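A short worksheet on the structure shown next.
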Number of protein chains: 2
Amino acid sequence: MTKKPADPANGGAPAAGPAARQVPMRDFSRSLPMSLLRAREAVMRQFRPSLREHGLTEQQWRILRALASIEAVEVTELARTAFLLGPSLSRILRDLEARNLIERKTAKADQRRSMVSISKDGVKLMASVAPTSEAIYAEITRRFGARKLAELQEMLGELERSLAGLGASEEASPEE
Amino acid sequence: MTKKPADPANGGAPAAGPAARQVPMRDFSRSLPMSLLRAREAVMRQFRPSLREHGLTEQQWRILRALASIEAVEVTELARTAFLLGPSLSRILRDLEARNLIERKTAKADQRRSMVSISKDGVKLMASVAPTSEAIYAEITRRFGARKLAELQEMLGELERSLAGLGASEEASPEE
DNA sequence: CGCATTCACTTAACATGTTAAGTATCTCCG
DNA sequence: CGGAGATACTTAACATGTTAAGTGAATGCG
């Protein structure tokens, strides 16, 4: 329960170490990336045990959920939806296919593309996980407050939008 | 190269698959974990290029920043501060030590503990990265709005606190 | 003192994140 | 029609996330 940041609560020496402290930066523990990371971890910690019991990782679950609402998708589109990078998705799909949770077949029109869909086993697995998952989500909503949750989501969306196209100033296509 | 799952521009879901949709769940793309993940990714995408130029990963940078404000810390305490799991930290410290960016020495009172501190080279490296990093943070703040940013951070903190002690067994994550 | 327990890490093993290459297709233009 | 370039993935390589087991050093207790 006790959370102690970078506070040298030990001896009490004011500290004046070997080469420390010379670069003045915001308090590290309050940076936006850290806040987002901690918040997300706090949330995911609620779900991981349940998923684990069903033999699913967070990412595998994301993929199944993304597939559940559509008939079939191309890998690239699925990567966007499940917010996974191509290589990760490629590996995970290989495993999920081996477990018969998804199905894959190359598109007729374009042999490069492969269409991915959830299998019956996949649907069954989802059905067994969804109740617990929803219950956890409901508890989180109850604790934090439905309204605040909506507000938070809205702000997160705004943050995303306000940063869109800021760091992509190189690498690939100038336009996009 | 620009391979990023960043665009939630999925074109909706016609939906009506073979074995799909039977388990009614919230729209996957709007789940809290996904919102947090996307927001954090949007933010980190701004920083990664700069860090990379200096040969640092996001986690290595977190560690250096955590070390910059104190004389020395135990590994466990550092793990809490930098929000890293023990094993990850162990590996990263090994590498940072090999690069002479940090120093380590076992505590006299307790041979099990090792005290970690940033080295002169580490401080120098930080000094060369900090300006860019601060500039990026300033731009993010400008785009999103300082007030909204503070609000967001506050909400994230509340979310964290409201979920504290919900997961079955705590004591297993980098936070507490 | 003797020894089981606890503690503070470290190693190991497996899955994903991330970037760079590689491979097979497909498109388009000369 | 043919080859350069773009596409849609897949592989590879390295770093981290995550859980479990291992190691050496302190503690507690009989």
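Bear in mind the structure is a predicted one, so any value in this text is a computation, not a measurement. A, B, ... follow the sequence lines: proteins, then strands. Residue 1 opens every chain.
- Clustering ILVMFWY residues whenever any of their side-chain heavy atoms sit less than 4.5 angstrom apart, transitively, puts A/V43 in the very cluster that holds B/M44.
- Using a 4.0 Å cut-off between charged side-chain N and carboxylate O, A/E77 and A/R80 make a salt bridge.
- B/T76 comes within contact range of the sugar-phosphate backbone alone, with a heavy-atom separation under 4.0 Å but no base atom that close.
- For the pair B/Q59 and D/dG17, the criterion of a side-chain N or O lying under 4.0 Å from OP1 or OP2 is met.
- With hydrophobic clusters built from ILVMFWY side chains whose heavy atoms lie under 4.5 angstrom apart, A/M115 does not share a cluster with A/L84.
- Computed from coordinates, the A/R52 CZ to D/dG17 P distance equals 17 Å when rounded to whole Å.
- Considering only side-chain atoms of B/Q111, the nucleotide from D/dA25, D/dT16, D/dA20 that sits closest is D/dA25.
- Note on B/R48: only backbone sugar-phosphate atoms sit closer than 4.0 angstrom, heavy atoms only; bases stay farther off.
- Distance CG (B/L96) to C1' (C/dT10): 16 Å, rounded to an integer number of Å.
- Look at B/R48 and B/E41 and you find a salt bridge, because one of the NZ, NE, NH1 or NH2 atoms lies within 4.0 Å of a carboxylate O, short of that distance.
- Here C/dT10 presents its P atom at 13 Å from CG of B/L84, a figure rounded to the nearest Å.
- Checking C/dA12, D/dG17, D/dT11 against the side-chain heavy atoms of B/P87 singles out C/dA12 as nearest.
- Note on A/R91: a base of the nucleic acid sits closer than 4.0 angstrom, heavy atoms only.
- For A/A109 and A/R62, each mapped to the nucleotide of DNA chain C holding its nearest heavy atom, the one lying further toward the 5' end belongs to A/R62.
- Atom CD of B/E77 and atom P of C/dA8 are 11 Å apart (whole Å).
- When the P atom of C/dG17 is taken as reference, atom CZ of B/R45 falls 14 Å away, rounded to whole Å.
- Each of A/S90 and B/G86 lies near DNA chain D, and the nucleotide nearest A/S90 is the one positioned closer to the 5' end.
- If you take CD of B/E74 and C1' of D/dA25, they are 14 Å apart, rounded to a whole angstrom.
- Counting atom types as modelled, B/R112 pairs no side-chain N or O with a base atom of C/dC9 as donor and acceptor under 3.5 Å.
- Residue contacts shown for A/T57 are limited to sugar-phosphate atoms, with no base heavy atom under 4.0 Å away.
- Put simply, CG on B/L93 is 13 Å from C1' on C/dA8, counting in whole angstrom units.
- Protein atom CG of A/L51 is 12 Å distant from nucleotide atom P of C/dT16, rounded to whole Å.
- Of the candidate nucleotides D/dA26, C/dC7, D/dT16, D/dT16 has the atom lying nearest to any side-chain atom of B/Q60.
- Between A/R104 and B/L89, the one whose closest nucleotide on DNA chain D sits nearer the 5' end is A/R104.
- The pair A/K105-A/E97 does not count as a salt bridge, with every side-chain nitrogen at least 4.0 angstrom from each carboxylate oxygen.
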